[in-house]
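Structure, as structure tokens:
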Amino acid sequence: AQRVTQPEKLLSVFKGAPVELKCNYSYSGSPELFWYVQYSRQRLQLLLRHISRESIKGFTADLNKGETSFHLKKPFAQEEDSAMYYCALASYNTDKLIFGTGTRLQVFP
Amino acid sequence: EAGVTQFPSHSVIEKGQTVTLRCDPISGHDNLYWYRRVMGKEIKFLLHFVKESKQDESGMPNNRFLAERTGGTYSTLKVQPAELEDSGVYFCASSPPYGTPDENEQFFGPGTRLTVL
């Protein structure tokens with residue numbers, strides 16, 4: 001079965017500290033992985049996707065097929081990074097997104 | 001461009017009543033999706049329209065839920081009769097037609113918070 005697991009409900013760090021939000025997936029095949037972010041009082045928006053291999057707002061994520069992981073990383077957290085982060089998976093034969101339960105990132109000054 | 005819009009933003013109804021949620025996708029987006037997040041759970045897929053056709057409705061929980069997209073523009077999601085477990089946030093998303101750049105990026109609306117008492 002297709003599944004996305006985000007083991008941490010809450011991650012709290014201080015400004016300037018490194019951040020890693022974990023995401024593991026279960027899928028037999030080649031999935032497309034995404035990170036979505038929801039800032040306070042804003043709508044869900046795409047942060048990055050694995051096929052684009054780009055860094056957005058200092059965040060990067062590498063697809064590790066051996067470990068079936070797609071962890072989100074940032075070397076130096078900023079207060080404005082505080083938000084809810086969702087890892088999501090889409091298979092090539094369907095467009096629906098399968099979401100993890102989300103991780104709330106709190107960055108303290 | 002206003003992005004994906006949803007109406008209403010909040011709805012409070014009693015068990016057994018009917019509620020209709022509306023979604024207006026981004027102009028030109030053929031693909032329209034409905035998702036919902038029940039309290040404490042993950043965001044779950046409900047269904048996917050391509051223009052006016054239902055491409056995938058595998059996530060619809062039961063026959064109390066009816067989604068339509070007449071004319072391939074806006075979509076409605078009707079819950080009739082509503083039950084307590086239907087409470088949650090209902091999200092709509094849209095994406096560009098296949099074969100266009102960013103065809104796989106889904107743009108989300110702000111959601112409709114439904115409370116069934």
Side-chain angles (χ1 to χ4, degrees), chain A residues 1-10 21-27 29-54 56 59 61 63 70 83-104, chain B residues 1-6 9-10 23-26 29-51 53-60 67 88-113:
Chain A
Q2 300 173 17
R3 187 169 58 243
V4 175
T5 303
Q6 293 179 253
E8 304 137 328
K9 283 190 175 180
L10 174 65
L21 289 84
K22 291 184 167 47
C23 172
N24 287 88
Y25 66 90
S26 172
Y27 180 70
S30 296
E32 185 170 0
L33 275 298
F34 304 83
W35 276 98
Y36 277 82
V37 60
Q38 188 169 26
Y39 300 101
S40 179
R41 298 190 185 88
Q42 294 187 29
R43 61 187 65 193
L44 203 60
Q45 56 187 280
L46 180 66
L47 179 62
L48 53 80
R49 55 205 299 182
H50 89 269
I51 59 171
S52 60
R53 294 180 168 271
E54 56 188 348
I56 304 292
F59 285 97
L63 180 62
F70 188 57
M84 195 74 182
Y85 291 79
Y86 294 93
C87 183
L89 172 159
S91 62
Y92 283 137
N93 61 353
T94 177
D95 294 322
K96 67 182 181 184
L97 292 174
I98 297 167
F99 285 90
T101 48
T103 298
R104 179 168 298 282
Chain B
E1 177 67 74
V4 177
T5 58
Q6 292 186 246
S9 57
H10 293 84
C23 168
D24 286 78
I26 293 172
H29 281 193
D30 288 350
N31 297 287
L32 187 148
Y33 309 82
W34 284 98
Y35 295 86
R36 76 171 176 180
R37 182 177 60 213
V38 172
M39 178 77 78
K41 302 268 182 94
E42 68 271 27
I43 300 168
K44 281 198 169 178
F45 168 83
L46 296 178
L47 89 159
H48 169 209
F49 283 100
V50 177
K51 296 184 180 179
S53 299
K54 292 177 184 175
Q55 181 78 7
D56 181 354
E57 51 184 331
S58 61
M60 294 289 265
V89 181
Y90 289 76
F91 294 101
C92 176
S94 69
S95 66
Y98 298 121
T100 58
D102 297 325
E103 64 180 20
N104 288 336
E105 179 173 353
Q106 295 185 22
F107 296 82
F108 281 77
T112 293
R113 182 174 296 278

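Per chain, numbering begins at 1; letters A, B, ... match sequence-line order. Atom set for the values below is all heavy atoms of this structure, side chains included, hydrogens, waters and symmetry mates excluded. Quantities reported herein were computed from a predicted structural model and do not represent experimental measurements.
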inquiry  = For B:K51, I'd like to know if atom NZ has over 12 heavy atoms of other residues, nucleotides or ligands within 6.0 Å.
reply    =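 Atom NZ in B:K51 is not crowded, with 12 or fewer foreign heavy atoms closer than 6.0 Å.
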
Non-hydrogen atoms of A:D95 and B:H48 that approach each other most closely =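 Of all heavy-atom pairs spanning A:D95 and B:H48, the closest is OD2-CE1, 3.2 Å.
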
key: Test item: B:E105 side-chain N/O and A:R49 main-chain N/O as donor-acceptor pair under 3.5 Å   =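 Looks like no, no N/O pair under 3.5 Å.
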
message = Given 3.5 Å as the limit, does a donor-acceptor pair link the side chain of A:R43 with the main chain of B:V4, or not?
response =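 A pair under 3.5 Å: yes.
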
task = Pick one of side chain, backbone, both or neither for A:Q6, based on which atoms fall under 4.5 Å of a heavy atom in chain B.
result =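 For A:Q6, no heavy atom lies under 4.5 Å from chain B.
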
key: Which atoms of B:Q55 approach chain A - backbone, side chain, both or neither, heavy atom under 4.5 Å   =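 Nothing of B:Q55, per the 4.5 Å heavy-atom cut-off to chain A.
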
ask   = Quick one: what part of B:S95 sits under 4.5 Å from any heavy atom of chain A, side chain, backbone, both or neither?
value =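 Looking at B:S95, nothing touches chain A.
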
State the [atom1]-[atom2] distance between [X] and [Y], to the nearest 0.5 angstrom.
X	Y	atom1	atom2	result
A:L44	B:F91	CG	CZ	6.5 Å
A:M84	B:I43	CE	CD1	8.0 Å
A:L97	B:Y33	CG	OH	7.5 Å
A:L46	B:F107	CG	CZ	8.0 Å
A:K96	B:L46	NZ	CG	10.5 Å

inquiry  = For chain A, which candidate among B:G109, B:A93, B:G111 shows the most heavy-atom pairs at distances under 4.5 Å?
reply    =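 Ranked by contacts with chain A, first place is B:G109.
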
key: Under the side-chain hydrogen bond (donor to acceptor under 3.5 Å, both in side chains) test, residues paired with A:Y36 that sit two or more places apart   =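 Per chain and number, A:Y36 pairs via side-chain hydrogen bond (donor to acceptor under 3.5 Å, both in side chains) with no residue.
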
key: Those residues that, when tested against A:Y86, pass side-chain hydrogen bond (donor to acceptor under 3.5 Å, both in side chains) (two or more places apart)   =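 With neighbours one apart ignored, the set is B:R37.
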
